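Here is the structure we will look at.
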Amino acid sequence: MNGVAPRVHGLVRGLDAVGSSPQFEGRFGRMFRTLPAAKFSEKALKDLAAAMVAELEDPPTPETEPDGEENTAISAGFTYLGQFIDHDLTFDPSSSLQKDNDPDALVDFRTPRFDLDSVYGRGPDDQPYLYRGDGIRFLQGRPLTGNPNDARTRDLPRNNPAGGEPKRALIGDPRNDENVIVSQLHSTFLRFHNRMADLHPNAPFARVQRLVRFHYQWVVLYDFLATIIGKDTLESILPHLKKKTDVLKDPPDLRFYTFRNNPFMPVEFSVAAYRFGHSMVRPIYRLNTTLPDRQVIFSLDAQVDNLVGFREFPANWGIEWNLFFDFGNNPPKLGPTRIQPAYKIDSSLVNPLGKLPPSIAATVPSLAERNLVRGLRMGLPSGQDVAKKMGFPVIPDKKLKVGKAADEDAADNRPLTDVSAEFAGKAPLWYYILAEAQQVFKNNATPIQLGPVGGRIVGEVFVGLMLGDRHSFLSQDPLWAPAKELTRDGKFGMAELITQAMKA
Ligand code: HEM
C-alpha cells in the first residue's frame, strides 16, 4: 500500500469514534498526474457520442422474451445503487463544459467518503426539516401502493408548493430524486435508518447514523463492488477475502490510488471510470407486479408515462425490490416476476440518455456527449495511456468497437477509428473503460463486469476512500460485521438491507 495512511494498523479501537467531521465537501484531484491530457476535437467527441447512443427500441423487447442487451452478471437494482453511491461521493456543479478546468482547483460538493451525506444532509440540528420531532428518525412521504409485499412503502417527503409547481423532494441531495428508482432507493435508506433506530431504542442519533453507515459500507464493498468489478479484482485489492482472514492481517493493496493526508476525488474516477453506470441503464422497467405496464426511463413526449423525477409520481408506482435485486427466492428468468437484469456495461447507451429531459440537463442533452466533453475539459489521459501506466495490456485499435455487446449487433459494431481517425491509439478514458468491459463478450449469456483498468480504478478508489475515512468501519473497527440476525446465509447485501428497511 503506497502512501495511504494505513489506518487499519496500530489503531486504538474507539479512539476515532468521537465527533464527526464538520466538512461537507472535499477536493478533486488526479490519479495519474504524469500522464498527458488526451486532446480531441469537439467534432470527434460529438460524433463518438452520437455513435454510442443506441437506436430507439420501439417497441421494446417484451419481458417474456430474452433481450440481448441484458447482463447475466448484474441485476438492475445495482444501476441505481451505483447512482446512489455516486451521489454520496461526488458532486461537481461548477466545472465548465465549455472551457478547460483544473481539477485541483475544483470543489467536490460531496465528501469523498461513504458517509451518506446525501441522505443525512447536515444532520438534525442544522436541517431539522428532514427529521422527525425526536431528532433521530427521518420523516417520510406519502404512502405508495403497488408493492404487494410491503404495505408501508413510502415516497420521499416533498414540499407542497402552490400553483402547480413540481413537488420537490426534501432530501440531503436533490439528485437522489432524479428518477423514480433512485428516489425510492433513497427512501429505502431513510427507512433503514429508522429501522436501526427501532432496533437500538436508546441510542442517540450519532450512534444510529454510525450503524447505518457501517452497514451501507459493508454493502458497498462486499455486494456492490464484488458485483461490478468481479471477485478476482476485488480479491487482488482486498487480499484478506481470498485468504479468509481480515484487513488487519492482510491489508488492502492499493497500487494506483494514493494520497498523503486526506483522500481526494480523482477525476479519472468521477469523470470516466465511475460513469460506467450510464451504460447499465435500461430503456424500460417493471416497477411492481400489480401495474399492467412497464415504464420507460425517460421520454420527451409529455403524454408518455416515464420515470423522470423531481416531481410527485403516481402513488401506485411503489417499487417491488425483488424485481431489482436477488432475494434468493429463485424467480423465473422471464416474465413479469423475474429479476430485471441491468443492461450490459458496453460502449452503448440507451436512446433516452441521448436526449435527457430538460429537468435533468438544461443544455447538452446527450449524456454521452456530456461525459466525453467533460473528460476533455478535465484533461483526462487516454485509456491506452492509463492501461500502459497500470501495466495492463493495451487494447489494439482494431478491437475497440462502438456499440452493443449483443449477438444481434456485435458483427456490425464500427471500429472506433472509423468514427474519427483522431482516435487512433488514443481513446477517451470513459469510452475505453466501457469498450474494455465488453472485450470478454462471446455471446448474449456472457457476464460482463468492469475490465482490468475500469475495475482497478473503481475498486482502488472505493477501498482507498474507505481506508482514508477516519469514521469508516475499515478504519474504526476493521473486524466489525453486520449482526447475524440481519444476514441471510451469513451474507448481508442490498437485499438484506432492504429486508430490514421494510420492517420500519
Ligand atoms: C438514469 C440514470 C442516470 C442519469 C439520467 C444520469 C445523469 C447524469 C448527468 C446528467 C450527469 C452530469 C453529467 C455532466 O454534466 O458531466 C451525471 C454525472 C455522473 N453520473 Fe450519472 N446518471 C445516471 C446514472 C448513473 C449511474 C448508474 C452511475 C454510476 C454507477 C452514474 C455516475 C455518474 C457520475 C460519477 C457522475 C459525475 C458526478 C459529479 O462528479 O458531479 N450515473 N449523471
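Worth saying up front: this structure is predicted, and the values here are computed from it rather than measured. Just follow the structure's listing: the first ligand is 1, and inside any ligand the first atom is 1.
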Problem set entry | Pairwise side-chain contact, Glu268 with Leu429, heavy-atom cut-off 4.5 Å (strictly under) | yes

Seminar exercise, completed: Judged by heavy atoms only, the candidate from Asp86, Val182, Leu349, Val180 nearest atom 35 (C) of ligand 1 is Asp86

Exercise. Would you find more than 12 non-hydrogen atoms of other residues, nucleotides or ligands less than 6.0 Å from Lys426 atom NZ?
Worked result: yes

Exercise. If you count the atoms of ligand 1 from 1 in the order shown, which ones are under 4.0 Å from a heavy atom of Thr79?
Worked result: 27 (C)

Exercise. N/O of Asp92 under 3.5 Å from N/O of ligand 1, yes or no?
Worked result: yes

Exercise. In the protein, which heavy atom is nearest to atom 29 (C) of ligand 1, and how far is it?
Worked result: Tyr274 O, 3.2 Å

Exercise. Hey, does Ser270 sit under 4.0 Å from ligand 1 if you only count heavy atoms?
Worked result: yes

Exercise. With backbone taken as N, CA, C and O and side chain as the heavy atoms from C-beta onward, which portion of Asp108 lies under 4.0 Å from ligand 1: side chain, backbone, both, or neither?
Worked result: neither

Problem set entry | Short N-O contact, Asp100 and Arg377, less than 4.0 angstrom | yes

Exercise. For ligand 1, is there an N or O atom under 3.5 Å from any N or O atom of Thr90?
Worked result: yes

Exercise. With a 4.0 Å heavy-atom cut-off (strictly under), which part of Phe269 contacts ligand 1: side chain, backbone, both or neither?
Worked result: neither

Exercise. With backbone taken as N, CA, C and O and side chain as the heavy atoms from C-beta onward, which portion of Glu178 lies under 4.0 Å from ligand 1: side chain, backbone, both, or neither?
Worked result: side chain

Exercise. Checking ring-ring contact (aromatic ring centres under 6.0 Å, His included) for the pair Phe84/Phe189: CA distance, chi angles, key distance, verdict?
Worked result: CA-CA 10 Å; Phe84 177 86; Phe189 272 92; 4.4 Å; yes

For this session: Quick one: look up the protein heavy atom nearest atom 3 (C) of ligand 1 and list residue, atom name and how far away it is.
Result: Gln83 NE2, 3.4 Å

Exercise. Any side-chain heavy atom of Pro103 sitting closer than 4.5 Å to one from Val267?
Worked result: yes

Problem set entry | Shortest protein contact, atom 42 (N) of ligand 1 (heavy atom only) | His278 NE2, 2.9 Å

For this session: On the 0 to 90° scale, with breaks at 30° and 60°, tag the Tyr80-Tyr285 ring pair as parallel, tilted or perpendicular.
Result: perpendicular

For this session: Examine Arg456 relative to Phe392 and say whether NZ or CZ is less than 6.0 Å from the centre of the six-membered ring and inside a 45° cone about the ring axis.
Result: no

Exercise. Would you call Phe325 and Ile498 a side-chain contact if the rule is heavy atoms closer than 4.5 Å?
Worked result: yes

Exercise. Are Tyr120 and Phe138 close enough that their ring centres sit under 6.0 Å apart?
Worked result: yes

Problem set entry | N-O pairing of Arg142 and Glu312 below 4.0 Å | yes

For this session: Starting from atom 12 (C) of ligand 1, locate the nearest protein heavy atom and write down its residue, its atom name and how far away it is, to 0.1 Å.
Result: Arg370 NE, 4.3 Å

Problem set entry | Protein contact of atom 8 (C) of ligand 1 - nearest heavy atom, named by residue and atom, plus distance | Leu367 CD1, 3.6 Å

Exercise. What is the closest protein heavy atom to atom 15 (O) of ligand 1, and at what distance does it sit?
Worked result: Arg374 NH2, 2.5 Å

Exercise. What is the closest protein heavy atom to atom 13 (C) of ligand 1, and at what distance does it sit?
Worked result: Arg275 NH1, 3.5 Å

Exercise. Which of these, Val281, Ile85, Leu81, has its nearest heavy atom closest to atom 2 (C) of ligand 1?
Worked result: Val281

